[in-house]
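The structure appears below as structure tokens.
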Protein chains: 4
Amino acid sequence: MGEGVDDGVGDGKARRMPRAVRERQMLDAAVVTFGRRGYRAASMDEIAELAGVSKPLVYLYLNSKEDLFTACIRREAQALVTAVRSGVDPDLTADGQLWSGLRAFFTHTAEHPDAWSVLHHQARTHGEPFAREVSQMREEIVAFVTALIHEAAQEAHGATELAERDVAGLAQALVGAAESLAGWANASDSVTAKEAAATLMNFAWAGLGNLMRGERWSPRHQPAH
Amino acid sequence: MGEGVDDGVGDGKARRMPRAVRERQMLDAAVVTFGRRGYRAASMDEIAELAGVSKPLVYLYLNSKEDLFTACIRREAQALVTAVRSGVDPDLTADGQLWSGLRAFFTHTAEHPDAWSVLHHQARTHGEPFAREVSQMREEIVAFVTALIHEAAQEAHGATELAERDVAGLAQALVGAAESLAGWANASDSVTAKEAAATLMNFAWAGLGNLMRGERWSPRHQPAH
Amino acid sequence: MGEGVDDGVGDGKARRMPRAVRERQMLDAAVVTFGRRGYRAASMDEIAELAGVSKPLVYLYLNSKEDLFTACIRREAQALVTAVRSGVDPDLTADGQLWSGLRAFFTHTAEHPDAWSVLHHQARTHGEPFAREVSQMREEIVAFVTALIHEAAQEAHGATELAERDVAGLAQALVGAAESLAGWANASDSVTAKEAAATLMNFAWAGLGNLMRGERWSPRHQPAH
Amino acid sequence: MGEGVDDGVGDGKARRMPRAVRERQMLDAAVVTFGRRGYRAASMDEIAELAGVSKPLVYLYLNSKEDLFTACIRREAQALVTAVRSGVDPDLTADGQLWSGLRAFFTHTAEHPDAWSVLHHQARTHGEPFAREVSQMREEIVAFVTALIHEAAQEAHGATELAERDVAGLAQALVGAAESLAGWANASDSVTAKEAAATLMNFAWAGLGNLMRGERWSPRHQPAH
DNA sequence: GATGAATGAGGCTTCATTCAT
DNA sequence: GATGAATGAAGCCTCATTCAT
């Protein structure tokens, strides 16, 4: 963890490198630092040191702390969405797609915990330039899940028509559950991505099926004890 | 919002008040400020001004920014747990308890958005003294939900024995879904606490039931398209 | 020159003083520093040290470097205008007023060379927030001189009507000449304010008289040699 | 103004050009930048970009920011003095020479406002290496004007002997008035160089004539009102 | 001859925190 | 009990300047 990104050099003055490479190293360092310390608590000094360059170079390439954070968010949001989409085969049934998407999601978040922290925690806690960036990504994922729910409804012959708001709520719930499980799995590293995905499928799929059959839970059920 | 917390006094130099009252005003102001700005971005100056007292007094009563934040977390965590527990009648069936607990939860988070922001967002994004505080509260809620799941299993005669890890995962998923829905409901204020709770019950209850009947979703289901 | 403004204390931590006093000390130090180094080259560190306080206090009272510089300009512009006006007895004839005004002007600039540098050099060389401030003062003085010229024209019976533009140009020339002489007198301290004023009166008064008698210099005068 | 100084080349990577040309382009860019931003606020980056070359080349040719600024001052001072001298025919009478010199002066400052800003404003506001440079030029002009005054005195038969200090003061006043009028004419572009020169001649010539006839303004003139 | 890559040093500003009254 | 006065420390950012190619 000492020199952060390994550039094959002991230490000394940072070796000459093409801009693209340096920029990537800086983003790597920034994601780690922002992810662990938070936006405000992360210092440009620390990021530069972890990247193995001097601070002015960070500014030369990434402009400002704000721009740097935004660049991190964009890159990692893109990476996460790409990972999930790549993990899904659109020829599968809806539940198959959900299953593989969840596996990809949990795998990615487990492999990039700092990136996940940036997206899930840090970006959402710091005002408007940033929250919007990550919101867009989240909306994209929610939309994907929403589409899957509709697809599942079509596959289930004779499914009751689902109200839009219900679907939206379900998607929110599902995504939120996934986010929570990602943190849980990351915290206790004995839980694998596959297990997390299975837990969520078990939890969610039956509920969805019920709904599509028009069976809804209602408070009236409650019998006195 | 001018003078922040209304202290029932015209204005002038803050009147001599009992310590407990003053302290509450400071915490109120701190929760608002921390909730909106985040821990690092909130300044003691702003908090003191919003509380209507001088900065040294804040230090006299609450010692340091860290202690102040911790006090906020503790107070609001306590308040949330209390709200949820008070909303639940232990004589109801498990699903009834879950239903009323969720309603209490969504109601409380909707009525105290800054407090919720402190607990859900701010406290978790800033290193160790704070994350632990809120983790304990979350564990308490997870434990409560876990107990409900076990209770439900007992109520369902002939229920398959549930593995501990499954239950833990389910509880995490349920709590995560609730957190996500709280944010969703707060963002679009057309969604009421009751609706959010209903959405989650619909989503979760069937899944729980299935599980208890030993019906689990499994990847083998996936047919080729 | 060591501790700048004498506050009667050896050195150590700056003694408690009422805000108004401290603010004046800071402005004093700032005028000296800005006047000698220029706006950009003057550092807040140097100003604070010369004022005998810590930097944050400067910011607490004066907000920013820009505001501090503006405050300097305003204070010194006011002081200069006041000095000139106070030196003039409006019951005198126009030339008497001009004479006493010039004496007051040269006396003031000689006694406050740093302030004069701020107004004449520094404020005019640094973009828009500042140039405007000092422009207003200069316009005020130009207007005063313009009024004097008109008054002189009235005193001279049978004076030719003067064109507005001519008067404006004359006033500019006179003020410019005065500014230049102020620098000259300051540079070689053997020239007194009174001598500078006399030089300018000799230079200017006859020209004004001529003009008012309608005698204008014209290129046609030029005889071949 | 995109590429700054037109180098007669399409664009691309700055073509190999003779050193003298490159150097001139850099000085041109520097004069513009220094004239508009001031010495400290101008950045070598901006100058290099405006000149269409890379920063190291600027250093290779001109050594340092200080040297670059000095080179600007020297070049523009030379240019101004040359312009004035070239505009004057030494065979004319003293007033004719003054008239044509002033015209040349106002024409040059109007045509090279950035250069004039460098000489008149920027160079004089920044400490010792620079102020001296421009002082020398100013002395040269003052000496020229002084010579003209003496010449005029000789032309006027029976002229009273003029004290050296008086002549020096007059020359300072005249030059200062010219500087002020140059700024005035540049600011409101409705004033032409010729008009500015005429204004100053009217203002100054009669005064000079008076003086040479031994008629001096004296405070004793002042009658009570 | 010309430049992309890189940095030491320093400036403005803010903040948590403490005295002395 | 309460506060106006004051600061050490640290953070963001820019700039003049130099290598290595």
Side-chain angles (χ1 to χ4, degrees), chain A residues 12-19 21-23 40-48 52-68, chain B residues 13-19 22 40-48 52-61 63-68, chain C residues 12-19 21-23 40-48 52-68, chain D residues 13-19 22 40-48 52-61 63-68:
Chain A
K13 303 306 183 74
R15 265 294 242 281
R16 289 287 185 94
M17 309 197 64
R19 174 164 178 157
V21 176
R22 269 282 135 81
E23 224 169 292
R40 294 286 300 233
S43 87
M44 293 300 272
D45 265 309
E46 187 178 356
I47 292 172
V53 293
S54 69
K55 230 186 328 172
L57 200 59
V58 180
Y59 280 91
L60 188 60
Y61 286 174
L62 275 335
N63 260 343
S64 71
K65 195 182 189 183
E66 193 172 321
D67 283 4
L68 174 56
Chain B
K13 293 295 176 164
R15 271 268 171 280
R16 204 69 80 72
M17 309 193 66
R19 171 159 181 157
R22 270 282 151 81
R40 296 286 300 228
S43 83
M44 295 298 272
D45 265 307
E46 189 177 356
I47 292 171
V53 295
S54 69
K55 238 186 320 175
L57 200 59
V58 179
Y59 279 88
L60 189 62
Y61 283 4
N63 220 29
S64 73
K65 194 183 188 185
E66 197 173 317
D67 286 2
L68 174 56
Chain C
K13 304 304 185 72
R15 265 293 244 282
R16 290 287 186 93
M17 309 198 63
R19 172 164 180 157
V21 176
R22 268 283 134 84
E23 223 169 291
R40 294 286 299 233
S43 87
M44 294 299 272
D45 265 309
E46 187 178 356
I47 292 171
V53 294
S54 69
K55 234 186 326 173
L57 201 60
V58 180
Y59 279 90
L60 188 60
Y61 286 175
L62 285 121
N63 260 344
S64 71
K65 195 183 188 183
E66 193 172 320
D67 283 4
L68 175 55
Chain D
K13 293 294 175 164
R15 270 267 172 281
R16 204 70 79 70
M17 308 194 64
R19 170 158 182 157
R22 270 280 150 83
R40 296 288 298 229
S43 83
M44 294 299 272
D45 264 307
E46 189 178 354
I47 292 171
V53 295
S54 70
K55 239 187 318 176
L57 200 58
V58 179
Y59 278 89
L60 189 61
Y61 283 5
N63 222 26
S64 73
K65 194 184 189 184
E66 196 172 318
D67 285 2
L68 174 56

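Protein chains get the first letters and strands the later ones, always in sequence-line order, with residue 1 at the start of each.
As judged by a 4.0 angstrom heavy-atom cut-off over every strand, D/Ala42 is placed among residues touching the sugar-phosphate backbone only.
Closest approach of A/Ser54 and A/Ala48 over heavy atoms only: C-CB, 4.0 Å. In terms of heavy atoms, C/Leu62 sits closest to C/Asp67 at O-CB, 3.2 Å. Among all heavy-atom pairs drawn from C/Met44 and C/Lys55, the shortest one is O-CG, 3.9 Å.
Atom-to-atom, CD of A/Glu66 to P of F/dC13 comes out at 8 Å; the value is rounded to the nearest Å. In this structure, the CG atom of A/Asp67 is 14 Å from the P atom of F/dC12, given to the nearest Å. Rounded to an integer number of Å, the gap from B/Met44 CE to F/dG8 P is 20 Å. Between C/Asp45 atom CG and F/dA9 atom P the separation is 14 Å, expressed in whole Å. Atom CE in A/Met17 sits roughly 17 Å away from atom C1' in F/dC19 (whole-Å rounding). The nearest whole Å value for the distance from the CZ atom in B/Arg40 to the C1' atom in E/dA16 is 10 Å. Atom NZ of A/Lys65 is separated from atom P of E/dT13 by 18 Å (rounded to the nearest Å). As a whole-Å value, the separation of C/Arg19 CZ from E/dT21 P is 20 Å.
The partner of E/dT3 is F/dA20, judged by Watson-Crick or G-U wobble contacts that both fall below 3.5 Å. Summarising the base pairing, E/dT14 is matched to F/dA9 through a Watson-Crick or G-U wobble pair whose two defining distances lie under 3.5 Å.
No N or O donor and acceptor, one from the side chain of A/Lys55 and one from the base of E/dT7, sit under 3.5 Å apart.
At the phosphate of F/dT14, neither OP1 nor OP2 sits under 4.0 Å from any side-chain N or O atom of A/Tyr59.
Which of E/dC12, E/dA2, F/dA6 sits closest to the side chain of D/Arg22 comes down to E/dA2. Considering only the side chain of B/Ser54, F/dA2 comes nearest among E/dC15, F/dA2, F/dG11. Taking only side-chain atoms of A/Arg16, from C-beta outward, the nucleotide of F/dC12, E/dA6, F/dA6 with the closest atom is E/dA6.
Residue B/Leu60 is the one, among D/Ala41 and B/Leu60, whose nearest nucleotide of DNA chain F lies closer to the 5' end (criterion: closest heavy atom). Summary of the strand contacts: A/Leu57 and C/Pro56 both lie near DNA chain E, and taking for each the nucleotide with the nearest heavy atom, the more 5' one is attributed to A/Leu57. Mapping A/Tyr61 and B/Ser64 onto DNA chain E by nearest heavy atom places A/Tyr61 closer to the 5' end of the strand.
The CZ atom of A/Arg16 sits 10.5 Å away from atom CZ of A/Arg22, with the distance rounded to the nearest 0.5 Å. Rounding to the nearest 0.5 Å places OH of D/Tyr59 at 8.0 Å from NZ of D/Lys65.
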